[in-house]
Amino acid sequence: MAENQGLTPRAQDFSAWYNEAIMRAELADYSPVRGCMVIRPNGYAIWELMQRALDDMFKATGHRNAYFPLFIPQSFLQKEAEHVEGFAPEVALVTHAGGKELEEPLVVRPTSETIIYDSFAKWIHSYRDLPLLINQWCNIVRWEMRTRLFLRTTEFLWQEGHTAHADEADAEAEVRRMLGVYRRFAEEWMAMPVITGVKTDSEKFAGALRTYAIEGLMQDNKSLQAGTSHALGQNFAKAFGVQFQTAAGGLDFVWSTSWGVSTRLIGGLIMTHGDDVGIICPPRLAPTQVVVVPIYKSDTEREAVLQVSDGVVQELRTAGVRVELDAREGMKPGAKYYEWEGRGVPLRLEIGPKDVAKGQVFAARRTGGKAPIPLEGLAVSVQHALAEIQRTLFDTARERRDAATRRDVSKDDLIAMMAGPGGFAYAGFCGDVACETAIKDATKATVRVIPDEEFRSPTPPARCVWCGRPATSEAVWAKAY
RNA sequence: CGGGGCGUGGCGCAGACCGGUAGCGCGCCUGGUUUGGGACCAGGAGGUCGCGGGUUCGAGUCCCGCCGCCCCGACCA
């Protein structure tokens, strides 16, 4: 049958594949408003699972959720110089409402630092009020020039943590802690290996002292900034007068942090695991972890097969597995397979007359391989299989990332790499923005991070890959989303 | 904003160079037969051909203008 039902192969056109994979899985749709997207139930279900996992981690680290307004007085944004400058070009402004012009235009939040610090200034009086650990789940608007489903849309959903601390060390610990949470989420839930590190000044958040990030390498060997954690110093505290009385009786400004991940993670999930058939959901984030497809000819077969299938579904559901029974009539099993594979369901159980007779189901993994599983102890076997699939996805992704990583590259290597296969290039960096710019102009690659110790090369590079002067650090270069 | 591509039933496309009854595949609806990797037969529904002008007896097709979308680049999570 129709060969035209397949997706554009990744190797042929990764962008086309990405869009088609999203459409096939019914994760999202284009909207009537340019740059915006509709997140369909299949896509939103992934987001809900991400939210739940992350929210639990935020709560476990002492954070509480709150909600701040979508509209921010324009003047607020202007109180922090770098912040305005950074966000001004992509801000949407409400100038009219209620049928008349507003006295002061309202910014549609591109991020909530300013309006949150306005509140923090009211809430924080004493060192006893610190640390203040707040998170909010909300939507954000940034008027981007060029958009891409999930990866960069005009409006997107995210989570932004905002915390205030009595001293720099405590704030720094928070910034690192939340970067660690993001890393753990990426690795353990998304099965997406990431490197962590600090951003260069040119890549850091507008208004931050330092920005830390997790970066994953996608299948086209471009890097995706998947989460950021910012040390804001006392910049916003000073701009908004967030002061507190110290234990010693003095007055000081708080040290603050902010950190966020967004629906962009869904794009990362797609580009990390998808294959030419469609997306692949890691089991822990799969809205449907298991689909049961009954197979039969006669009515008697149908009855027996459906009875076993129902029992399987019940058993798995009771065991906490997210399972669906696809008992649609008039559709060939093969057609169902393709449909669920396109949606990324990690495990499929086929149940036919032969399986019923043998007391087994036939399990097909989205990561490859088919094998019978006995009905006896099925729930445990299925959970085992899901855990293995989760691990396989992570291992495969890490091997792919490592295979696309080169260390101690020379200037010529860097140029050749970025003109060719792409990937992560580790090399010495003098720290001069001039070299950063020159490299970007010549290769399109940017410094993704100055990697944390764990990711650094055993022998630190001695010289800058570009200018040859002594290196102040090792950096990771890649083309990025 | 620059470069490239594209707008024709829900989706994918043909028709355009050379103006003359709007077509194909998939999907959808009804009935029947099917069902271990994308079923088949029969019947059926569904289109302001992106929008606005113009040329013409007649425009999906030719001319002018506009709009939108996708991809690549500059800005960004």
A.B. asks: With the side chain of A/A335 defined as its heavy atoms from C-beta on, choose the nearest nucleotide among B/A77, B/C75, B/A39.
C.D. replies: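 Nearest to the side chain of A/A335 among the choices is B/A39.
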A.B. asks: Taking the P atom of each, how far is B/C17 from B/A59, in whole Å?
C.D. replies: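 To the nearest whole Å, 15 Å.
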A.B. asks: Starting at CZ of A/R34 and ending at P of B/G7, how long is that distance when rounded to a whole Å?
C.D. replies: 19 Å
A.B. asks: If you go through the side-chain atoms of A/K370, does one of them form a donor-acceptor pair with the base of B/G37 closer than 3.5 Å?
C.D. replies: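 Answer is yes: a donor-acceptor pair is held.
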A.B. asks: With rounding to whole Å, what would you report as the distance between B/C49 and B/G20 at their P atoms?
C.D. replies: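 B/C49 and B/G20 have their P atoms separated by 15 Å.
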A.B. asks: What's A/K440 touching, base or sugar-phosphate or nothing? Going by heavy atoms closer than 4.0 Å.
C.D. replies: sugar-phosphate
A.B. asks: Using purine N1 to pyrimidine N3 plus N6-O4 or O6-N4 for Watson-Crick, or N1-O2 and O6-N3 for G-U wobble, each under 3.5 Å, what pairs with B/C1?
C.D. replies: B/G73
A.B. asks: In Watson-Crick or G-U wobble terms, both distances under 3.5 Å, what is the partner of B/G25?
C.D. replies: B/C11
A.B. asks: Across the strands shown, which category fits A/T153 at heavy-atom distances under 4.0 angstrom: base, sugar-phosphate, nothing?
C.D. replies: base
A.B. asks: Could you check which nucleotide pairs with B/C51 in any of the strands shown, counting Watson-Crick or G-U wobble with both distances under 3.5 Å?
C.D. replies: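 Base partner found: B/G65.
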A.B. asks: Ring centres within less than 5.5 Å and planes less than 30° apart: is that true of A/Y337 and B/G37 in this structure?
C.D. replies: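 Taking the rule of under 5.5 Å and under 30°, the ring of A/Y337 does not stack on B/G37.
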A.B. asks: Please confirm whether A/K336 makes a cation-pi placement over A/Y338, using NZ or CZ under 6.0 Å from the six-membered ring centre and within 45° of the ring normal.
C.D. replies: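 The answer is no, since A/K336 fails at least one limit relative to A/Y338.
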A.B. asks: Which sits closer to the 5' end of RNA chain B, A/S15 or A/S31, going by the nucleotide each is nearest to?
C.D. replies: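 Its nearest nucleotide being more 5', the pick is A/S31.
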A.B. asks: Can you tell me, in whole Å, how much space there is between the C1' of B/C66 and that of B/G25?
C.D. replies: 33 Å
A.B. asks: Just to be sure I understand the rule, does A/G86 reach a base, reach only the sugar-phosphate, or reach nothing, if contact means heavy atoms closer than 4.0 Å?
C.D. replies: nothing
A.B. asks: Using atom C1' in both nucleotides, what's the gap between B/C62 and B/C26 to the nearest angstrom?
C.D. replies: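 After rounding to an integer number of Å, I get 33 Å for this pair.
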A.B. asks: Within the structure shown, what part of the strands sits under 4.0 Å from A/R328 by heavy-atom distance: base, sugar-phosphate, or nothing?
C.D. replies: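 No contact.
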A.B. asks: Please state whether the phosphate of B/C70, meaning OP1 or OP2, lies under 4.0 angstrom from any side-chain nitrogen or oxygen of A/N19.
C.D. replies: no
A.B. asks: Establish, with yes or no, whether the OP1 or OP2 oxygen of B/C71 is under 4.0 angstrom from a side-chain nitrogen or oxygen of A/R148.
C.D. replies: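 Yes.
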A.B. asks: Rounded to whole angstroms, how far apart are CG on A/L149 and P on B/C70?
C.D. replies: 8 Å
A.B. asks: Could you check whether A/K336 gets within reach of a base, just the sugar-phosphate, or nothing at all, counting any heavy atom under 4.0 Å?
C.D. replies: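 No contact.
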A.B. asks: Quickly work out the A/R348 CZ to B/G38 P distance and round it to whole Å.
C.D. replies: 12 Å
A.B. asks: Quick check with a 6.0 Å cut-off and a 45 degree axis cone: is A/R264 positioned over the face of A/F150's six-membered ring?
C.D. replies: no
A.B. asks: When you measure from the side chain of A/H273 to the backbone of A/A191, do you find a donor-acceptor pair of N or O atoms at a distance under 3.5 Å?
C.D. replies: yes
A.B. asks: Base, sugar-phosphate alone, or nothing: which one does A/M23 contact when heavy atoms must sit under 4.0 Å apart?
C.D. replies: nothing
A.B. asks: In whole Å, I'd like the distance from the CG atom of A/L151 to the P atom of B/C71.
C.D. replies: 10 Å
A.B. asks: Taking the side chain of A/D355 as its heavy atoms from C-beta onward, which of B/A39, B/U35, B/G36 lies nearest to it?
C.D. replies: B/G36
A.B. asks: Given A/F14, which of A/N19, A/D220, A/T8 fulfils the side chain to side chain contact (heavy atoms under 4.5 Å, CB included) condition?
C.D. replies: A/D220
A.B. asks: For A/I140, which contact category applies under a 4.0 Å heavy-atom criterion: base, sugar-phosphate, or nothing?
C.D. replies: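 Nothing: the residue A/I140, judged by heavy atoms under 4.0 Å, touches no strand.
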A.B. asks: Do NZ/NE/NH1/NH2 and the carboxylate oxygens of A/R328 and A/E339 come within less than 4.0 Å?
C.D. replies: yes
A.B. asks: Could you tell me the Watson-Crick or G-U partner of B/A45, where both distances fall under 3.5 Å? Say none if there is no partner.
C.D. replies: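 Its partner: none found.
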A.B. asks: Please give the distance between the C1' atoms of B/G60 and B/U21 as a whole number of Å.
C.D. replies: 14 Å
A.B. asks: Sticking with atom P, work out how far B/A16 lies from B/G54, rounded to a whole angstrom.
C.D. replies: 26 Å
A.B. asks: So what does A/E341 touch, heavy atoms closer than 4.0 Å: a base, only the sugar-phosphate, or nothing?
C.D. replies: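 Base contact.
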A.B. asks: Report the residue from A/H162, A/E174, A/Q136, A/Q159 that forms a side chain to side chain contact (heavy atoms under 4.5 Å, CB included) with A/H63.
C.D. replies: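 Answer after filtering A/H162, A/E174, A/Q136, A/Q159: A/E174.
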A.B. asks: Quote, to the nearest angstrom, the C1' distance that separates B/C63 from B/G23.
C.D. replies: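 Taking atom C1' in both B/C63 and B/G23, they lie 26 Å apart.
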A.B. asks: Roughly, in whole Å, what's the span from OH in A/Y338 to C1' in B/G27?
C.D. replies: 18 Å
A.B. asks: Can you tell me the distance, in whole Å, between the OH atom of A/Y30 and the P atom of B/G10?
C.D. replies: 19 Å
A.B. asks: Could you tell me whether A/E144 contacts a base, only the sugar-phosphate backbone, or nothing, with contacts defined as non-hydrogen atoms closer than 4.0 Å?
C.D. replies: base
A.B. asks: For A/G330 and for A/K444, find the nucleotide of RNA chain B with the closest heavy atom, then tell me which residue's nucleotide is more 5'.
C.D. replies: A/G330
A.B. asks: Between A/K332 and B/G36, is there a side-chain N or O to OP1/OP2 distance below 4.0 Å?
C.D. replies: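 The answer is yes; a side-chain N or O of A/K332 sits under 4.0 Å from OP1 or OP2.
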A.B. asks: Considering only atom P, compute the distance from B/G65 to B/C29 and round it to an integer number of Å.
C.D. replies: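 45 Å, rounded to whole Å.
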A.B. asks: Considering only heavy atoms from C-beta outward, does the side chain of A/N42 approach that of A/R343 to under 4.5 Å?
C.D. replies: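 Yes - at least one pair of side-chain heavy atoms lies under 4.5 Å apart.
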A.B. asks: Take the protein atom CZ of A/R448 and the nucleotide atom P of B/A77, then report the distance between them rounded to whole Å.
C.D. replies: 9 Å
A.B. asks: Between B/U35, B/G38, B/A77, which nucleotide gets closest to the side-chain atoms of A/Y296?
C.D. replies: B/U35
A.B. asks: What is the distance, rounded to the nearest whole Å, between atom CD1 of A/I295 and atom C1' of B/A39?
C.D. replies: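 So the CD1-C1' distance, A/I295 to B/A39, works out to 15 Å.
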A.B. asks: List the atom of A/R448, the atom of A/A480, and the distance in Å for their closest heavy-atom pair.
C.D. replies: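 For A/R448 and A/A480, the tightest heavy-atom pair comes out as CZ-CB, 3.4 Å.
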A.B. asks: Using a heavy-atom cut-off of 4.0 Å across all strands, would you classify A/D13 as base, sugar-phosphate, or nothing?
C.D. replies: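 It contacts nothing in the nucleic acid.
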